[in-house]
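What follows is a single structure, written as structure tokens, with notes after it.
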Protein chains: 2
Amino acid sequence: MGDSTSTKTPVYLRIEAALGERIARGAYRPGEQLPPEPQLCKEFGVSPMTLRRALARLSDRGLLSAEQGRGTFVRALELGEASFKLRQFTDRWQDDSVDVRLLAASTVRADERVAETLGIPVGERAVFLRRLLLKDEKPMMYHTEYVVFDARRPLVESQLQITSLEGLLQGAGGEGFPEGELTVRVVNLAAAEAALLDQPEGAAAFRLEHAFHDFTGRPVSWGWFLCRADSFLLRTHLGTRRAERGGME
Amino acid sequence: MGDSTSTKTPVYLRIEAALGERIARGAYRPGEQLPPEPQLCKEFGVSPMTLRRALARLSDRGLLSAEQGRGTFVRALELGEASFKLRQFTDRWQDDSVDVRLLAASTVRADERVAETLGIPVGERAVFLRRLLLKDEKPMMYHTEYVVFDARRPLVESQLQITSLEGLLQGAGGEGFPEGELTVRVVNLAAAEAALLDQPEGAAAFRLEHAFHDFTGRPVSWGWFLCRADSFLLRTHLGTRRAERGGME
DNA sequence: TAGTGGTCTAGACCACTTA
DNA sequence: AAGTGGTCTAGACCACTAG
């Protein structure tokens, strides 16, 4: 008597919720062993596969750890298990008040760093792009990007037409490319960057670097976003509570 | 030719790898529909449940999206789907060369901010802790923490005995508490903080804030780590390649 | 209506741990 | 040997989408 989780919810989700609730309330304590699967099957009146589906999800969430031959145990909360989704980082800019202003678009000769990152010879041509992203007229992100020049692929044109953040996030080398790496660092803004972002020189900022590759593994694009410290953060919840749904709060 | 994934690998993992490979090589392109499940079952010679397990994992990884009644489709790579694991953030400090130095341990009267965050009246007693974390004698993180004072729970003592980073990450309010929130921001270091971290004043730094609750949802602990910009970053891979395993690279 | 994915069953067999 | 979790089967029935 308790959970009247609208009867249409799949059984495995209800079991997941029920067990998560017990952990949250302390009925099952960290380190404790859960009842064996056959017993839980009887308790919930389901087949092994269904029960295991619920347990697997709880394990994925880091709440349980199953050890073959020993049992299933409640895991103590570990900071290291936390994971941050980039989506929340940019969610608030996903509306019409966001403006993408193209500051520069040209081809340049690759210097040493660009050449190495893009896997091309020094001096080779590369597309160079700079954008400023504004929300309600206020600058929020400053984007720099280098794209391998390829006459057969009209990347330049499609890139130039990007005027929304969604387009930029998907189009930043991502259009159809299957591999990418992202790195988040923290930096002090240089004078020019700070000025564009309407921040004092040396202000702290996130630096979100991205690199994309094509189907053969060759680099295609490399760049980074500088994000104002006062407008961006990463947040996550650790533990039993259900993950945040939308992202609005 | 190709994958001789040691014959002991479970079938569902081999199917996941095989399909992921096709996406990575461009055999299945973003937006394309996958063959229907019955066909894939025949191709791989497995039962529906096993195939679906592989598909479910690929969906979880963001490579596929299944739509009931329509089909299963290859998803284009989206920046927003990226997720960063905090583990990598701290992994490199998980050895014996890390030293935890206790700078302060006392009880204080909660000021307005502490009181609000910990959910106690202003002026109530709280445990105050400051630690400096060093690696090879070099300061890396600066930790500040407030813990609700509770005479029945000898948190203070157990906290004082923490001398390893592992202990601190698990013990930072985490010991047996089922809920927590983490926030990553970027800040400029104040003079005192910078001095302790051997950085110039105003240097950019990560600020990892943590808040923990007990089984009834009441706040127990609140604090934050300041992390040198040159020693910390968050990195992730987007796309088909298998997620990094250990964290060492 | 035909075809798709989503859930669930009631077992089987295997791998591992503990005693 | 007994008990644990891990994998897998060969179906069933349902919900949804499309023609």
Side-chain angles (χ1 to χ4, degrees), chain A residues 3-20 22-23 28-75 242-243 245, chain B residues 3 5-20 22-23 28-75 242 245:
Chain A
D3 45 22
S4 58
T5 325
S6 72
T7 46
K8 276 210 40 167
T9 309
V11 184
Y12 72 90
L13 288 181
R14 277 185 297 190
I15 296 176
E16 180 190 353
L19 292 176
R22 292 183 196 179
I23 296 171
Y28 296 151
R29 294 277 172 148
E32 261 186 45
Q33 182 170 4
L34 250 60
E37 294 182 359
Q39 180 174 331
L40 290 173
C41 284
K42 263 193 297 184
E43 177 184 342
F44 290 107
V46 297
S47 79
M49 275 297 268
T50 303
L51 177 75
R52 304 201 87 263
R53 192 166 176 179
L55 294 179
R57 290 176 57 92
L58 289 163
S59 294
D60 284 347
R61 286 169 55 191
L63 271 65
L64 297 179
S65 82
E67 295 171 48
Q68 198 173 70
R70 299 217 318 124
T72 303
F73 303 85
V74 180
R75 281 177 65 161
R242 291 301 296 139
R245 297 222 162 223
Chain B
D3 45 21
T5 325
S6 71
T7 46
K8 277 209 41 169
T9 309
V11 184
Y12 72 90
L13 288 180
R14 278 186 296 193
I15 296 176
E16 179 189 355
L19 293 176
R22 292 181 196 177
I23 296 171
Y28 296 152
R29 294 277 173 147
E32 263 187 46
Q33 183 170 5
L34 249 60
E37 295 182 359
Q39 181 174 332
L40 289 173
C41 284
K42 263 193 296 184
E43 177 185 341
F44 290 107
V46 296
S47 79
M49 274 298 269
T50 303
L51 177 77
R52 304 202 85 263
R53 192 165 174 181
L55 294 179
R57 290 175 60 92
L58 289 163
S59 295
D60 283 348
R61 287 169 55 191
L63 271 64
L64 297 179
S65 82
E67 295 171 47
Q68 197 173 73
R70 297 218 320 125
T72 304
F73 302 86
V74 180
R75 282 179 63 161
R242 290 302 294 138
R245 297 222 158 221

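Proteins come first, then strands; the chains are lettered A, B, ... in the order of their sequence lines, and each starts at number 1. No hydrogens, no waters, no symmetry mates; every other heavy atom, side chains included, goes into these values.
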In B/S/- notation, 5' to 3', how is nucleotides 10-19 of chain D contacted by protein heavy atoms closer than 4.0 Å? B----BBBS-
Would A:L40 and A:E37 satisfy side-chain contact (heavy atoms from CB on, under 4.5 Å), going step by step from the backbone distance to the final call? CA-CA 5 Å; A:L40 290 173; A:E37 294 182 359; 5.6 Å; no
Interatomic distance where [atom1] belongs to [X] and [atom2] belongs to [N] [whole Å]:
{"X": "B:L64", "N": "C:dG5", "atom1": "CG", "atom2": "P", "value": "11 Å"}
{"X": "A:Q39", "N": "D:dG5", "atom1": "CD", "atom2": "P", "value": "10 Å"}
{"X": "A:F44", "N": "C:dT9", "atom1": "CZ", "atom2": "C1'", "value": "18 Å"}
{"X": "B:L34", "N": "C:dG3", "atom1": "CG", "atom2": "C1'", "value": "16 Å"}
{"X": "A:E16", "N": "C:dT7", "atom1": "CD", "atom2": "C1'", "value": "15 Å"}
{"X": "A:Y12", "N": "C:dT9", "atom1": "OH", "atom2": "C1'", "value": "16 Å"}

Check whether any side-chain nitrogen or oxygen of B:R53 sits under 4.0 Å from OP1 or OP2 of D:dC8, and answer yes or no.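 No.
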For the atom pair [atom1] ([X]) and [atom2] ([Y]), what is the distance rounded to the nearest 0.5 Å?
{"X": "A:D60", "Y": "A:L55", "atom1": "CG", "atom2": "CG", "result": "11.0 Å"}
{"X": "A:I15", "Y": "A:R53", "atom1": "CD1", "atom2": "CZ", "result": "11.0 Å"}
{"X": "B:R22", "Y": "B:L63", "atom1": "CZ", "atom2": "CG", "result": "14.0 Å"}
{"X": "B:Q39", "Y": "B:L51", "atom1": "CD", "atom2": "CG", "result": "11.0 Å"}
{"X": "B:Q33", "Y": "B:E67", "atom1": "CD", "atom2": "CD", "result": "9.0 Å"}
{"X": "B:I23", "Y": "B:E32", "atom1": "CD1", "atom2": "CD", "result": "10.0 Å"}

Comparing A:L51 and B:Q33 on DNA chain C - which has the more 5′ nearest nucleotide: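 In this pair, the answer is B:Q33.
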Let's see if you can work this out: which of [options] has an atom nearest to the side-chain heavy atoms of [X]?
{"X": "A:E37", "options": "C:dT7, C:dG5, D:dG5", "result": "D:dG5"}
{"X": "A:P38", "options": "C:dG5, D:dG5, C:dT7", "result": "D:dG5"}
{"X": "A:T50", "options": "D:dG5, C:dT9, D:dT7", "result": "C:dT9"}

Given the rule that a pair is Watson-Crick or G-U wobble with both distances under 3.5 Å, how would you write DNA chain D in dot-bracket, using | for pairs to a different strand? ||||||||||||||||||.
Using the side chain to side chain contact (heavy atoms under 4.5 Å, CB included) rule, pick out the option among A:L34, A:L58, A:L19 that qualifies with A:V74.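 Checked A:L34, A:L58, A:L19 against A:V74; only one passes side chain to side chain contact (heavy atoms under 4.5 Å, CB included): A:L34.
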Would you indicate whether the side-chain heavy atoms of A:F44 and A:V11 approach each other to under 4.5 Å?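 No. Closest side-chain heavy atoms not under 4.5 Å.
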